[in-house]
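Proteins get letters first, then strands, A, B, ... in listed order; numbering begins at 1 in each. All values below come from the heavy atoms of this structure, side chains included, with hydrogens, waters and symmetry mates left out.
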Amino acid sequence: MSTPQDWTPPTSTDSHPGHDHVVAGLKGTDEGGADLVQLLTPEGERVPDPRFDAYAADVDVEMLKNLYRDLVLVRRFDREGNALQRQGQLGIWVPLLGQEAAQIGAGRAMAPQDMAFPSYREHGVAWTRGVDPTDLLGIFRGTDHGSWDPKATGFHLYTIVIGNQCLNATGYAMGQKFEGRVGGDDAEATICFFGDGATSQGDVHEGFVWAAVYDAPVVFYCQNNQWAISEPTERQTRVPLYKRAQGYGFDGIRVDGNDVIACLAVTRWALEECRTGNGPVLIEAFTYRMDAHTTSDDPTRYRLADELELWKLKDPIERVRVHLVRSLGVEPEFFDGVQADADALAARFRQHCVDMPAPAADRIFSEVYADGSPAVDAQREAFLAYHASFEGV
Amino acid sequence: MAVLTMAKAINDGLRAAMERDPKVLVMGEDVGKLGGVFRVTDGLQKDFGEQRVLDTPLAESGIIGTAVGLAIRGFRPVCEIQFDGFVFPGYDQIVSQLAKLHFRSQGKVPMPVVVRIPFGGGIGAVEHHSESPEALFAHVAGLKVVACSNPVDAYWMIQQAIASDDPVIFFEPKRRYWEKAEVDVTAEPQPLHTSRVARPGSSLSIAGYGPVLKTCLDAAEAAVADGHDIEVIDLRTLSPLDLGPVFDSVRRTGRLVVVAEAPSETSVAAEVCARVQQECFHSLEAPVLRVTGFDTPYPPSKCEEDYLPDLDRVLDAVDRSMGW
Ligand SMILES: Cc1ncc(C[n+]2csc(CCOP(=O)(O)OP(=O)(O)O)c2C)c(N)n1
């Protein structure tokens with residue numbers, strides 16, 4: 001046992017690394033500067049990019065209107081999720097506010113045959129994969145662990161244990177490669193979503209190693225929303241996250257995660273790299289979580305309101321709207337129509353939530369094993385008999 | 001005497017241990033500014049600084065593995081794992097290093113590390129937030145495993161765990177964090193590795209630990225109406241198990257019901273049953289019964305009322321035992 005006299009610890013509470021403290025390496029949250037891929041500025045101005053314009057060449061008025069619609073509808077049901085939690089209809093909600101462009105851009109870049117491995121905040125990606133938003137509710141209401149079919153949708157179940165899915169995604173991508181689905185006409189790729197905090201986990205690091213060693217066609221899509229609950233990105237890294245890829249031997253790129261066109265273009269490029277056998281690729285979508293980590297979290301304890309105000313100016317939806325109006329002359333009726341659709345979706349979402357039946361009690365025992373288990377079967381029988389004993393009491 | 005919630009009692013216990021020994025560190029995800037997701041470490045970083053309360057990168061293997069290194073260097077780290085289901089990325093470090101270094105080094109490398117794990121269900125959470133993995137640790141030789149059930153124990157046990165030169169896996173029943181009790185900080189505490197009679201009685205014994213202890217006490221109270229006088233034993237220590245008070249109790253009452261949230265096969269409850277039938281065979285009037293979670297993954301939270309041992313299931317077991 002150490003004696004208190006041995007040693008006096010420093011009492012400073014100021015060891016939080018900042019510009020002054022980090023002597024080597026860059027501050028992890030610095031904006032990418034020249035490295036940040038951006039095609040649509042926060043002011044709604046379309047700016048050229050010699051490398052990625054080709055991947056957004058088909059983004060005409062119609063397509064941009066569709067992307068705008070995606071963004072608005074996803075934000076709308078996300079807000080409804082928050083409200084439902086506040087009203088006691090959901091146990092918890094994990095908001096995506098601010099990350100709509102990062103998710104819609106990536107999701108809309110995917111081909112039907114591709115596979116996505118999400119974390120737990122990817123409601124926007126789910127939307128692009130055709131998962132009905134109401135299918136997300138069961139997890140947060142406590143009736144199931146995800147009710148959609150991962151195979152049919154190309155969208156795996158949510159993963160709550162941080163970083164776990166990176167190895168699973170890599171393994172899946174290895175399978176795509178082993179089956180000869182890289183390089184040909186029926187080429188496939190995998191995309192794996194995780195946060196900036198997750199990059200500290202061994203599973204993510206191991207995923208990078210495996211993917212590199214086996215040239216797996218997997219895009220690692222890190223949504224750097226600046227916070228892992230209360231911990232800023234500097235608590236996870238000393239260099240910008242996209243730069244880590246170099247150490248594993250693949251490309252890393254930082255995209256403006258609040259720019260839906262750039263996210264679409266960069267992800268299309270990365271998926272193409274994978275399909276043609278040049279993967280893996282790491283994308284760091286530089287964005288911001290504008291709400292709490294979850295409805296159980298209190299961000300006022302760890303971050304300043306100023307920061308949020310700053311990011312509101314970079315809102316992913318507003319810049320598209322401004323571009324549609326100012327540069328492309330889209331009429332107000334379009335926006336009214338989207339608003340009406342969003343309201344209808346929110347109403348359907350809410351109604352579905354309120355109407356969801358509680359699972360039957362023997363849900364506890366269902367599908368524990370593919371081959372069944374006499375022990376679990378016996379417990380179910382005993383449990384049902386016990387329940388029946390209350391009937392008529 | 002202060003009336004404290006269990007969360008505050010642990011916070012006070014941590015503070016007392018940190019004041020006593022500057023080599024006690026608190027480390028984990030969000031333990032600093034946020035004060036932990038349950039606020040158990042609230043205010044500690046403000047008062048002890050960032051080198052004693054470490055907001056670590058988000059990696060459990062990293063948290064445990066570096067704590068092992070810090071302990072080799074003479075520190076006494078207290079690691080916080082945010083929820084039961086997130087300890088597994090750190091399980092390799094716990095099993096391979098933390099549990100074995102003292103033995104491998106034949107005592108030259110003690111491991112005074114505490115791993116705090118909020119455990120158990122009943123808070124309506126999503127998956128991986130409600131598990132009871134204690135048997136996975138109790139089965140690992142070289143670890144000590146304890147579970148507190150009330151603020152008084154929480155206050156003392158955390159300090160005793162920190163003072164121990166052995167690694168202690170410290171289970172905190174998260175659904176009891178907000179329950180209050182008077183804590184006398186001047187009293188003489190119970191030793192860490194002993195069980196305790198929480199309610200004396202003569203007609204049947206119930207043994208439990210952690211979150212279900214309150215359920216057991218409530219059941220004992222409810223059973224008075226049926227003329228039963230139930231003794232409740234809080235196991236407190238799961239490895240090593242202190243079954244002396246359980247044996248004594250069963251020798252007097254002849255009946256035992258063991259209650260736990262964890263699945264039942266190869267569990268701590270299973271171990272209690274086996275040892276009691278071995279030691280108390282001639283005193284038993286009825287088979288030892290178990291009321292536990294089922295041998296299934298923890299279900300979606302809308303099913304947890306059916307999954308968790310509740311008052312009715314405990315009373316049902318009491319009836320079955322008494323009716324034998
Ligand atoms: C292995 C593991 N440890 C801890 C947690 C608790 N936890 C849930 S989310 C989170 C922060 C994640 O941050 P990040 O990876 O940046 O993703 P974000 O939530 O910001 O999208 C933590 C610590 C967890 N889910 N899994």
Under 4.5 Å from any heavy atom of chain A, what part of [X] do you find: side chain, backbone, both or neither?
X        : result
B:Pro112 : neither
B:Asp316 : side chain
B:Tyr298 : backbone
B:Val37  : side chain
B:Phe86  : side chain
B:Glu305 : neither

Is it the side chain or the backbone of [X] that comes within 4.5 Å of chain B heavy atoms, both, or neither?
X        : value
A:His387 : side chain
A:Phe383 : side chain
A:Ala361 : both
A:Arg141 : both
A:Asp297 : side chain

In the structure I gave you, are the side-chain heavy atoms of [X] and [Y] within less than 4.5 Å of one another anywhere?
X        : Y        : result
A:Val368 : B:Asp295 : no
B:Glu60  : A:Gln201 : yes
A:Ile162 : B:Gln82  : no
A:Val161 : B:Phe88  : no
A:Tyr120 : B:Val126 : no

[X] and [Y]: which non-hydrogen atoms are nearest, and at how many Å?
X        : Y        : answer
B:Pro57  : A:Gln236 : CA-OE1, 3.4 Å
A:Gln379 : B:Ser264 : NE2-OG, 4.4 Å
B:Lys302 : A:Pro359 : CB-CD, 3.6 Å
B:Arg39  : A:Asp298 : NH2-CB, 3.8 Å

Please indicate whether [X] has more than 12 foreign heavy atoms, meaning atoms of other residues, nucleotides or ligands, lying under 6.0 Å from its [atom1].
X        : atom1 : result
B:Glu265 : CD    : no
B:Trp324 : CH2   : no
A:Trp210 : CH2   : no

Inset, instruction - Measure the CG-OG1 distance between A:Asp362 and B:Thr296 for me, rounded to the nearest 0.5 Å. - result: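 Rounded to the nearest 0.5 Å, the CG-OG1 separation comes out at 11.5 Å.
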Inset, instruction - Could you grab the distance from atom NE2 of B:His128 to atom NE2 of A:His145, nearest 0.5 Å is fine? - result: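 Between B:His128 NE2 and A:His145 NE2, I get 7.5 Å after rounding to 0.5 Å.
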May I ask you to decide if [Y]'s main-chain N or O and [X]'s side chain share a donor-acceptor pair within less than 3.5 Å?
X        : Y        : value
A:Glu231 : B:Asp30  : yes
B:Glu127 : A:Ile160 : no
A:Tyr386 : B:Arg313 : yes

Inset, instruction - Considering only heavy atoms and a distance below 4.5 Å, find which of A:Tyr369, A:Tyr158, A:Phe365, A:Tyr302 pairs most often with chain B. - result: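 Answer, by heavy-atom pair count under 4.5 Å with chain B: A:Phe365.
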Legend entry - Candidate list A:Asp144, A:Thr143, A:Ile364, test side-chain contact (heavy atoms from CB on, under 4.5 Å), partner B:Pro299, passing option: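 Only match with B:Pro299 under side-chain contact (heavy atoms from CB on, under 4.5 Å): A:Ile364.
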Inset, instruction - Please determine if B:Asp42 and A:Arg301 form a salt bridge, counting it only when a charged side-chain N lies under 4.0 Å from a carboxylate O. - result: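 Salt bridge present between B:Asp42 and A:Arg301.
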